[in-house]
Amino acid sequence: MEFQELKDCRFDGSGHFKLDDYTTDVHVKKELRPNFDALTETNTRRMSELQGKLYAEGREGVVVILQAMDAAGKDSTIKHVMSGLNPQGVTVASFKQPTTEELAHDFLWRAAAKLPRRGCIGLFNRSYYEDVLVVRVHDLQKTYRMPKRVLDTSKDDFFEQRYRQIRDFERYLWENGYRVLKIFLDVSRDEQRRRFLDRIDDEAKNWKFSSSDVAERELWPKYMDAYEQCIDRTATKEAPWYIVPADQKFYARWLVSEAMAHVLEECNPHYPELPDEQRDDLAAARTKLLAETGGRDDRAERDETERENG
Ligand code: ATP
Ligand code: MG
């Protein structure tokens, strides 16, 4: 399998989406790992610089959605992405089983409450996509307290409506100054089995394992159908999906860093330019501060001392 570039993982709704067209593993040789780690590192620096501008400018917000089966690497991906960002401009939200309060609202309610401000990045660990994934796989909609007119539709119609609502919501976000980046960490069933075994055998990882994970795994084909449908129906030019091969973690991390750097570049943020009168203010403040030391700029001495002290 050839290496894939970001564009090879992108699905923007043109044509028909088939999960089988995407691989979970590109089998990068072990010796090449350092090269990918170095590329990820470079992207991390790019991200950091762009995020600084995004925050300073405060015009556009970015929502990064991570969806995946268990053990695909969502948590470690978030940890990595975070390492390159200033925590001040980032929020992380994890979407677990809805509470009674959440279930009593429309399904987008809890996601809307977690949107970042413009200028910030919101990382969603799972998201409203669970409402067309786990809900579809387990037919949870049947248990919802909703009027007959909503529930008395066929299962397909119910979820078609939700796909449309999601597309509309993401369009609404786009029109309100947000970009939505949607990432599916595509892990194979075999690799999931190996990672579960790691979690069982390694005491430090035991806490990550729950026996219900194995029960969910039994439903793998149903989940893959649900992912396929949902990606097919919700990918758009403004909010495409990226199907990231996730069997090799370092490779997935590189692609996610590519996607993040790319979306931030699309935002094309700039530090705000100072209006002339503020420039004059700065000049006046400078003169005043220098006057305190009789016009002597003592920063060179400070820098020298810092160098000496390491
Ligand atoms: P970990 O990697 O730690 O297992 P996780 O994201 O799987 O992280 P869990 O607490 O294990 O976290 O699982 C959260 C569970 O909540 C998932 O099984 C997910 O499918 C479920 N969930 C999320 N949103 C919904 C929803 N709207 N309706 C029903 N279940 C949901
Ligand atoms: Mg879990």
Side-chain angles (χ1 to χ4, degrees), residues 63-82 91-115 122-146 150-151 155 158-159 161-163 165-166 169-170 182-189 191-231 233-234 244 246-247 249 252-253 256:
V63 181
V64 182
I65 291 183
L66 279 171
Q67 282 293 153
M69 297 297 282
D70 275 310
K74 281 185 283 101
D75 288 0
S76 66
T77 303
I78 289 173
K79 200 166 114 193
H80 249 80
V81 166
M82 289 298 287
T91 51
V92 181
S94 294
F95 294 87
K96 309 268 183 191
Q97 281 182 11
T99 61
T100 321
E101 174 76 359
E102 287 167 350
L103 273 180
H105 288 82
D106 61 285
F107 77 99
L108 292 170
W109 179 73
R110 65 175 180 164
K114 295 287 181 186
L115 288 173
L123 296 174
F124 281 11
N125 181 352
R126 304 187 188 268
S127 63
Y128 45 85
Y129 279 100
E130 291 294 323
D131 294 277
V132 291
L133 292 165
V134 63
V135 174
R136 178 167 200 148
V137 167
H138 286 278
D139 264 330
L140 295 177
Q141 74 285 359
K142 288 187 178 159
T143 65
Y144 290 167
R145 192 186 291 246
M146 284 209 254
V150 180
L151 295 178
K155 181 171 176 176
F158 181 83
F159 286 101
Q161 266 182 26
R162 284 205 161 176
Y163 298 139
Q165 290 157 359
I166 288 175
F169 180 59
E170 290 176 353
K182 304 184 291 199
I183 294 171
F184 172 46
L185 293 177
D186 189 13
V187 77
S188 67
R189 197 175 184 178
E191 180 56 20
Q192 189 199 51
R193 178 176 42 76
R194 291 188 283 269
R195 291 187 191 173
F196 278 170
L197 286 170
D198 285 345
R199 289 182 177 186
I200 292 167
D201 291 347
D202 180 349
E203 258 184 36
K205 291 183 178 167
N206 280 176
W207 66 275
K208 281 198 152 225
F209 186 77
S210 126
S211 43
S212 66
D213 291 352
V214 175
E216 285 312 288
R217 174 182 165 75
E218 301 293 313
L219 299 167
W220 192 276
K222 282 188 156 193
Y223 270 106
M224 291 305 112
D225 280 352
Y227 268 107
E228 187 167 78
Q229 293 258 358
C230 129
I231 292 174
R233 302 291 203 284
T234 60
V244 168
D247 283 358
K249 281 195 169 186
R253 277 203 283 269
V256 171

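No experiment lies behind these values; they were computed from the predicted model shown. FYI, side chains are in, hydrogens and waters are out, and symmetry mates aren't considered; it's all heavy atoms of this structure. Every number for a ligand or one of its atoms is a count from 1 in the order of the listing.
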Let me see the working for Asp70 and Arg217 under salt bridge (charged side-chain N to carboxylate O under 4.0 Å, His left out), right down to the final yes or no. CA-CA 8 Å; Asp70 275 310; Arg217 174 182 165 75; over 6 Å; no

Does Lys155 use its side chain to pair, donor to acceptor, with the backbone of Arg136 at less than 3.5 Å? yes

Closer than 3.5 angstrom, by distance alone: can the side chain of Tyr163 be matched with the main-chain N or O of Ile231 as a donor-acceptor pair?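 Such a contact is absent between Tyr163 side chain and Ile231 backbone.
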
Carefully, step by step, assess Gln97 and Glu130 under the rule side-chain contact (heavy atoms from CB on, under 4.5 Å). CA-CA 9 Å; Gln97 281 182 11; Glu130 291 294 323; over 6 Å; no

Looking at NZ of Lys114 and OG1 of Thr91, how far apart are the two atoms once the value is rounded to the nearest 0.5 Å? 8.5 Å

Output the distance between atom OH (Tyr128) and atom CD (Gln165), rounded to the nearest 0.5 Å.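 Taking OH in Tyr128 and CD in Gln165, the distance rounds to 12.5 Å.
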
If you take all heavy atoms of Val187 and Trp220, which pair is closest and at what distance?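 That closest heavy-atom pairing would be O-CZ2, 3.4 Å.
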
Parallel, tilted or perpendicular: rings of Tyr227 and Phe184 (30°, 60°): parallel

Listing protein N, O or S under 2.8 Å around the Mg ion (ligand 2) gives Asp70 OD1

Select all protein residues for which some heavy-atom-to-ligand 1 distance is less than 4.0 Å, and list them by chain and number. Asp70, Lys74, Asp75, Phe95, Lys96, Gln97, Pro98, Arg110, Arg126, Glu130, Asp131, Val134, Val135, Leu140

Can you tell if the side chain of Thr234 reaches within under 4.5 Å of the side chain of Lys182, non-hydrogen atoms only? yes

